[in-house]
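Naming: A, B, ... by sequence-line order, numbering from 1 per chain. Since this is a predicted model, take the numbers as computed values, not measurements.
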There are 2 protein chains.
Amino acid sequence: MDPCTTCVVRNRAICSALDLNEVAALGKMGRHHRLVPGQTLIWEGEDSLLVANVIEGVLKLSTSLSDGREQIVGVVYPSDFIGRPFGARAQHNVTALTEAHVCTFSGGDFDRFAQEHPQLEHKLLERTLAELDRTRRWLLLLGRMTASEKLATFLLDMSERLVRPDCSSNGPINAFDLPFGRQQIADILGLTIETVSRRLNDFKAEGIIGVPSRRRIEILDREALAGIASSGSVR
Amino acid sequence: MDPCTTCVVRNRAICSALDLNEVAALGKMGRHHRLVPGQTLIWEGEDSLLVANVIEGVLKLSTSLSDGREQIVGVVYPSDFIGRPFGARAQHNVTALTEAHVCTFSGGDFDRFAQEHPQLEHKLLERTLAELDRTRRWLLLLGRMTASEKLATFLLDMSERLVRPDCSSNGPINAFDLPFGRQQIADILGLTIETVSRRLNDFKAEGIIGVPSRRRIEILDREALAGIASSGSVR
DNA sequence: AGCAGTCTTTGATACGGGTCAATAATGTAG
DNA sequence: CTACATTATTGACCCGTATCAAAGACTGCT
């Protein structure tokens, strides 16, 4: 039977642009994959082209310099799209942070299918434009913010994005588990693990956040965080 | 008469996806604008939605923090597309760096036209994907590179991009005029103007580059620059 | 429970790049 | 050509974050 009809991200992934017949046709070209934490799906520079939908889990996109310095350039969640359609080689690694479940397509198959289904391309375009906006905001963070501003911005950003999985309430939440360890937070913010640890403990000492366990964050004073996050990013 | 038929970027801009009739229809919705250096076409946060093609000149995309710190998040050249189709508000300022000539469309008009012309959306998608890749590479630069590495990477990048205007030869060139002052270079690289000045003079003292006038750069030792750009180790 | 390995925190110190200030070069108007 | 504004360079100093090192906390395994 066609697994797409029961797919949990059917209505949120780019597949939502397709009707039942179309989604079945796309589904035939797809392959399901389970990934364990730390497993890499796509390597920077490889040209075996692969695209995918994330069904479950969290993955990071990262690049690095030859001496090992690493920068995380994106984080993807269920219903997000992974990979680079239309023939360019992969620009970054894609690695699972948690157990993950993805639905992969060979690049060529997907490209052909997309070109025949403009609504699908349209969905993909909207997503890509949104992701570009988000990435450009991150340039401001990396280029111009201090460590405290970076961390405050990061925590607020997480409190907004991490609601999605269950889709229960929308709007930010005040307590959540990060899918990242300290090193990964550092790689997202362009800092060292030590600085992340120190600034996080500063926030804790000031009563702005609580850190009941390694990966859990409670936002106790959202206003204060927002104040630190920017000497006010001009909205 | 329809000005699009004689447009200098007709074959390079997204319009190249359209046939003569289509481009004429799009042309009817467009307005030509001349911009002087420093003039801002779109302001961060405004929702008067406007998109445009660059016909001539160079423009910067920038965001800033309330205390004046600024980050340039993109630079656009002739034939590039500007703006955010499909209803999100403008995320950054768009300002002319040189005299510029653009062809603008109201967001709504363009959105409608695009949805009816999948080849146009496809071109736009390819461009947006490429721009996202480029922007993500910049995250690595801002987050993880030293001042010298940033500057070396920047100069190499410029030597590749600045060929375009005349389209004479492809491949990098070794002498060019930057469309930026020192402050703007600093805002691109997440540095201060003083650091840009110092590192540039270091390169000059080592014979890696020549700086015959304020905005002119000559790459004298491309290998050395490339060595610095990818992970520091000089010589 | 006890141990090993990993991840995180904490402390001491160093250094790159920022800040502040002064000077120099370049551009522009009269 | 001179005067003034703008932009860039240079110097001295300092601060924030990186680096290096060690101790502590958590996790999983037997």
Short of 4.0 Å, heavy atom to strand atom, which residues of residues 175-190 of chain B count as contacting DNA chain D?
G181(B), R182(B), Q183(B)
Could you tell me the separation between the CG atom of N93(B) and the CD1 atom of I42(B), rounded to the nearest 0.5 Å?
9.5 Å
T95(B) versus T40(B), side-chain donor and acceptor atoms under 3.5 Å:
yes
Which comes earlier along DNA chain D counting from the 5' end, the contact point of T146(A) or that of P212(A), where each point is its nearest nucleotide?
T146(A)
Close side-chain approach of R161(B) and R134(B), heavy atoms under 4.5 Å
yes
Side chains of L59(B) and L97(B), heavy atoms from C-beta outward: is any pair under 4.5 Å?
no
Could you pull out all residues at least two apart from R222(A) that satisfy side-chain hydrogen bond (donor to acceptor under 3.5 Å, both in side chains)?
S159(A), N174(A)
Calculate, to the nearest 0.5 Å, the distance between atoms CE and CG belonging to M145(B) and L65(A) respectively.
5.0 Å
Taking the side chain as everything from C-beta on, heavy atoms only, tell me whether F154(B) gets closer than 4.5 Å to L141(B).
no
The single option from V94(B), T104(B), I82(B) passing side chain to side chain contact (heavy atoms under 4.5 Å, CB included) against L50(B)
T104(B)
Hey, is D187(B) close enough to R69(B) for a salt bridge, meaning N to O under 4.0 Å?
no
Do K60(A) and E70(A) meet the salt-bridge criterion of a basic N to acidic O distance under 4.0 Å?
yes
Rounded to the nearest 0.5 Å, what's the gap from CG on D202(B) to CZ on R198(B)? Could you check?
9.5 Å
Check: H32(A)/H101(A) side-chain N/O donor and acceptor closer than 3.5 Å:
yes
Going 5' to 3' on DNA chain D, which nucleotide is the first and which the last to come under 4.0 Å of a heavy atom in chain A?
dT17(D) to dC26(D)
For S213(B), which contact category applies under a 4.0 Å heavy-atom criterion: base, sugar-phosphate, or nothing?
nothing
Going through the checks in order, is the side chain to side chain contact (heavy atoms under 4.5 Å, CB included) test met by L151(B) and F203(B)?
CA-CA 10 Å; L151(B) 218 40; F203(B) 289 171; 4.0 Å; yes
Along DNA chain C, first and last positions that approach a heavy atom of chain A under 4.0 Å:
dC7(C) to dA12(C)
To the nearest 10 degrees, how far apart in direction are the end axes of the helix from dA1(C)-dT30(D) to dG30(C)-dC1(D), each fit to five base pairs?
40°
Tell me the closest heavy-atom pair linking A229(B) and T153(B), and the distance in Å.
CB-OG1, 3.6 Å
Would you jot down, in residue-number order, the residues of residues 194-203 of chain B having a non-hydrogen atom under 4.0 Å from DNA chain D?
E194(B), S197(B), R198(B), N201(B)
From V75(A), V196(A), D157(A), V73(A), residue fulfilling side chain to side chain contact (heavy atoms under 4.5 Å, CB included) relative to I188(A):
V75(A)
